[in-house]
Number of protein chains: 2
Amino acid sequence: MTIPRAAKTLRRTRIQEEKEEQILEAALDVFSANGFRGSTIDQIAEVAGMSKPNLLYYFRTKEAMHRALIDRVLYTWLEPLRAFDAEGNPEEEIRSYIRRKLEMARDFPRESRLFANEVLQGAPHIEDELKGPLKELVDEKAEVIRAWAKSGKIVKCDPYHLIFSIWSTTQHYADFDVQVRAVLGQEHAGEGRFEDAARFLEQLFIGGLRPNGLES
Amino acid sequence: MTIPRAAKTLRRTRIQEEKEEQILEAALDVFSANGFRGSTIDQIAEVAGMSKPNLLYYFRTKEAMHRALIDRVLYTWLEPLRAFDAEGNPEEEIRSYIRRKLEMARDFPRESRLFANEVLQGAPHIEDELKGPLKELVDEKAEVIRAWAKSGKIVKCDPYHLIFSIWSTTQHYADFDVQVRAVLGQEHAGEGRFEDAARFLEQLFIGGLRPNGLES
DNA sequence: TGTAATGTTTACCAATCGGTCAAATTATCC
DNA sequence: GGATAATTTGACCGATTGGTAAACATTACA
């Protein structure tokens, strides 16, 4: 008797691994560029170089593909925040967090846009991840920042909004890439904008959070 | 002979004004929540409370509706940046620009998401606006900021990335609203997050841009 | 090498998509 | 009030959507 879906088998064959990899790679391309509703299985099939029913042999529905993609990407995406170290030097931790997030915006813009599309449209498929794992991780790191502020290592500030501001400024270069390029024009055509951004953001955050500023 | 499309008549009737208003209001709802490709004329028709052919009587295509909506909203959306005054006090100008942008994120989140969706998906419908009017406006204001930095009124920094960082941090509260809510949790359920954000961002930018900092 | 499980494809389905058409209804103005 | 223009709608169209059924091809393994 034929088992109808590969996903149901316990042991995964070599072909399964390869094809699922291929499909998710194509799905990342399409979903990140068009959002969930704006993407079609046919598009993904074409990018993946296989027939539509063949995709649906590995993932029963469009939703299942999207879900698998989110699951695969989310952990990696939160890695920089997870690396945030309570024991480290605050200034250096923030600086390297910004740098890491900017590198991810440069090297993995599709992943950034995948989440941006999802959140922008109300996060219908990742609500649980936001309220669960994400919130817990942010709560934990916010506590670290709060302790730094309390002990005077950085200026007193709302740790949540600090994290939001680092997220937004760095991911901006992935999510709003076409706008950034359009405004900067072709004179800044190269990848130098990421280095410029890194310089500016480090200056902004390090300067803005320095405890011994001129005003509280 | 019946003129096939209302848009072609020169004088606009009262009904035309009202209905086009109704339609664009509904279109803003739907496009901002689902993006262009993810939105359907039927959805917009339902929100607008009229039949689909009736929508298409006022706007010949889905694209035409989207275009009209963008045209109507774009000017207003850029108003805060336009108000940026070269003659004013730098610190106060930046502070009030942040405040205005945050107010817009709070009061007009749909407009923010409309553009975010569009830019995120490669700006297929507003490329010209980005490279034209937007770039020119930003170029002009960047020159103002550069002058401030040169005369020592604020720290030396890349004016374009400064503008990007204000855009991203403020619009974040509209575009990524569900994420912000999820992370802050229900204990911060009210609208207080906008005031908290304003406090944090003013502190960050004013502190980060102050010229007489401890290091260059 | 045979055979059972796995993988792939062609043909197809009902639902929905953007959009049209002609007929019906309503508003405007003399 | 009647003619004429403006507005509204139900029925419909071809294309595309997500997804299925079943025949066919390939692989793994005894």
S.K.: Check the distance between D:dT9's P and B:N54's CG and give it to me in whole angstrom.
M.R.: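 Rounded to the whole Å, the gap is 5 Å.
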
S.K.: Would B:R193 and B:D177 pass as an ion pair if we require N to O under 4.0 Å?
M.R.: yes

S.K.: Can you check the A:N34 CG to D:dT16 C1' distance for me, whole Å?
M.R.: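 Rounded to the whole Å, the gap is 15 Å.
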
S.K.: Just to confirm, is there a sub-4.0 Å distance from OP1 or OP2 of C:dT6 to any side-chain nitrogen or oxygen of A:Q16?
M.R.: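 No, no such contact exists.
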
S.K.: D:dT8 phosphate, OP1 or OP2: any side-chain N/O from B:S51 under 4.0 angstrom?
M.R.: no

S.K.: Assign B:K52 to base, sugar-phosphate, or nothing according to its heavy-atom contacts below 4.0 angstrom with the strands shown.
M.R.: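 Here B:K52 touches the bases of the nucleic acid.
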
S.K.: Measure from the side chain of B:I41, starting at C-beta and using heavy atoms only, and say which of C:dG19, C:dC17, D:dT20 lies closest.
M.R.: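 Minimum distance to the B:I41 side chain belongs to C:dG19.
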
S.K.: Rounded to the Å, how far apart are B:H66 NE2 and C:dG18 P?
M.R.: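 Whole-Å distance recorded here is 13 Å.
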
S.K.: A:R37 has an atom CZ; how far is it from atom P of D:dG18, in whole Å?
M.R.: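 Distance check: A:R37 CZ to D:dG18 P gives 10 Å.
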
S.K.: So which pairs with a foot in residues 164-173 of chain B pass salt bridge (Lys or Arg N to Asp or Glu O under 4.0 Å), sequence neighbours left out?
M.R.: none

S.K.: A:N117 and B:Q121: side-chain donor and acceptor closer than 3.5 Å?
M.R.: yes

S.K.: Expressed in angstrom and rounded to an integer, what is the separation of A:M65 atom CE from D:dG18 atom C1'?
M.R.: 12 Å

S.K.: Let me check I have this right: for DNA chain D, each base becomes ., (, ), [, ] or |, based on Watson-Crick or G-U pairs with both distances under 3.5 Å. What is the full string?
M.R.: ||||||||||||||||||||||||||||||

S.K.: Determine whether more than 12 heavy atoms belonging to other residues, nucleotides or ligands lie under 6.0 Å from atom CD of B:E127.
M.R.: no

S.K.: Inspect the contact between B:E79 and B:R100 and indicate whether a charged nitrogen and a carboxylate oxygen are less than 4.0 angstrom apart.
M.R.: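 Between B:E79 and B:R100 there is no salt bridge, as every charged N stays at least 4.0 Å from the carboxylate O atoms.
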
S.K.: If you compare every side-chain N and O of A:K19 against the phosphate oxygens of C:dT8 (OP1, OP2), does one of them come in below 4.0 Å?
M.R.: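 Looking at the OP1 and OP2 atoms of C:dT8, one of them is under 4.0 Å from a side-chain N or O of A:K19.
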
S.K.: Is the shortest distance from a Lys or Arg side-chain nitrogen in B:R72 or B:E111 to a carboxylate oxygen in the other one below 4.0 Å?
M.R.: no

S.K.: Between P on D:dG10 and CG on B:L56, what's the gap in Å once rounded to a whole number?
M.R.: 14 Å

S.K.: Under 4.0 Å between a side-chain N or O of A:Y57 and OP1 or OP2 of C:dT8?
M.R.: no

S.K.: Out of D:dT17, D:dT20, C:dG18, which has the shortest distance to the side chain of B:T40?
M.R.: C:dG18

S.K.: Using the side-chain heavy atoms of A:T61, tell me which of these nucleotides is nearest: D:dA11, D:dG19, D:dT8.
M.R.: D:dG19

S.K.: Just how far, in rounded Å, is C1' of C:dA15 from CG of B:D42?
M.R.: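 Distance check: B:D42 CG to C:dA15 C1' gives 12 Å.
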
S.K.: Using 4.0 Å as the upper bound for N to carboxylate O, is an ion pair formed by A:D196 and A:R199?
M.R.: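 Yes.
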
S.K.: Whole Å only: how far is the CE atom of B:M50 from the C1' atom of D:dT7?
M.R.: 9 Å

